[in-house]
Undergrad: 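Before I ask anything, here is the structure I am working with.
Protein chains get the first letters and strands the later ones, always in sequence-line order, with residue 1 at the start of each.
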Amino acid sequence: MRDYSFINYINLDKETIEKIRIARNHPDIRKVMYNKNEISKEEHIGFINNLEKSHDKAYWYILKGDRPIGVVNLVDIDSQKECAEWGFYILPDQKNSGKFIELLTAVFQFMFEILGFKSLYGFTNVRNIEVLILNEYFGATFGEKKSLNGEDFIQHETIGEDFLKNKDAIGNLRNFLLFLHRKKMKGKKFIKESNRI
Amino acid sequence: MKHKILEIINEIRESNSLPTLDFITEENRLREDLGLTSFDLAELTVRIEDETDIDIFDDGLITTVGQIYQKLNI
């Protein structure tokens, strides 16, 4: 969490809000969203204004030091069960930061340690393999599939207690690479064995 | 050291079933020209750090081979 800060959208100035709208409309971001439409200025401002009144959703702008790096949000917040659906993206101009494990570790720490959620679930497009692998690495279990606008999404859930027990190991990029390497090896073995049949 | 960077990039490309390269230029973009993914950039970081003790992504973005050379002062 060191160096990372999470600023609630309702506390952002107009200039930053507009920067977020531009990033949200970037084709790389839109293609992984449920709503793939371009968001107009009016819609975006209306959305932020509604957030101020909302108790079941929240959005944060993530900074590393002074550098804006991504966005994380919660919707359908259930304060009784202490769970919510989460979503996340790295700003388009920050994709070459090579720091996604550190960043996601900070996000989960913020959600589970600071905000005190017990579990977070999300839906990822089945074609978004890198994000599915990242979720698996962060301890998610996978559930049902759902279709939306002709695309398939798979549900995943991460339990706070499990993450917090292992956060130091999980946050280590070398452990992620080891995990990835093992996964690649398993994939190669699977292909080899499938070819034998 | 530049040769070592090429070697690392080629090893990562090979593991992704991409052909190895005879040379890279400072203008080469890591993603678009060399075909590296986010996960590959993570591996590149660690491999370079192992060789040099320098975290190339420590204070920002790296887009091109030239920016890696700059970080490493080579």
Undergrad: If you count heavy atoms of other groups shown closer than 6.0 angstrom to CG of B/Asp53, is the number above 12?
TA: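 Incorrect, the count does not exceed 12.
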Undergrad: Measuring from B/Phe39:CZ to A/Phe179:CZ, what's the distance to the nearest 0.5 Å?
TA: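 Those atoms lie 8.5 Å apart.
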Undergrad: Ignoring hydrogens, what is the shortest heavy-atom contact between B/Glu43 and A/Leu177? Give both atom names and the distance.
TA: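 In terms of heavy atoms, the two residues are closest at CA-CD1, 3.7 Å.
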Undergrad: Quick check on the interface: out of B/Leu44, B/Leu36, B/Thr45, B/Asp50, who has the most heavy-atom pairs with chain A under 4.5 Å?
TA: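 Winner by heavy-atom pair count: B/Asp50.
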Undergrad: Counting only heavy atoms not in A/Arg127, do more than 12 sit closer than 6.0 Å to its CZ atom?
TA: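 No, the 6.0 Å shell around CZ holds no more than 12 heavy atoms from other groups.
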Undergrad: Specify which of B/Leu41, B/Ile62, B/Leu30 makes the most heavy-atom pairs with chain A at under 4.5 Å.
TA: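 Among B/Leu41, B/Ile62, B/Leu30, the one with the most close pairs to chain A is B/Ile62.
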Undergrad: Measuring heavy-atom distances to chain B, does A/Ile90 have an atom under 4.5 Å in its side chain, in its backbone, in both, or in neither?
TA: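 It is neither, since no heavy atom gets under 4.5 Å.
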Undergrad: If we define contacts as heavy-atom pairs under 4.5 Å, which of B/Asp55, B/Asp40, B/Ile56 has the most with chain A?
TA: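 Option with the greatest count: B/Asp55.
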Undergrad: With a cut-off of 6.0 Å (strictly less than), are more than 12 heavy atoms of other residues, nucleotides or ligands near CG of A/Asp66?
TA: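 12 or below, so no.
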Undergrad: Please report the interatomic distance CD1(A/Ile101) to OG(B/Ser38), rounded to the nearest 0.5 Å.
TA: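 Rounded to the nearest 0.5 Å, the CD1-OG separation comes out at 10.5 Å.
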Undergrad: Test A/Arg67 against B/Leu61 for side-chain contact (heavy atoms from CB on, under 4.5 Å), laying out the working first.
TA: CA-CA 11 Å; A/Arg67 184 158 53 94; B/Leu61 308 178; 4.0 Å; yes
Undergrad: Taking everything shown except A/Glu161 itself, do over 12 heavy atoms lie less than 6.0 Å from its CD?
TA: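 Atom CD in A/Glu161 is not crowded, with 12 or fewer foreign heavy atoms closer than 6.0 Å.
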Undergrad: Under 6.0 Å from the NZ atom of B/Lys71, do we count more than 12 heavy atoms belonging to anything else shown?
TA: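 More than 12 heavy atoms, drawn from other residues, nucleotides or ligands, come within 6.0 Å of this atom.
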Undergrad: Does B/Lys2, at its NZ atom, have more than 12 non-hydrogen atoms belonging to other residues, nucleotides or ligands within less than 6.0 Å?
TA: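 More than 12 within 6.0 Å, yes.
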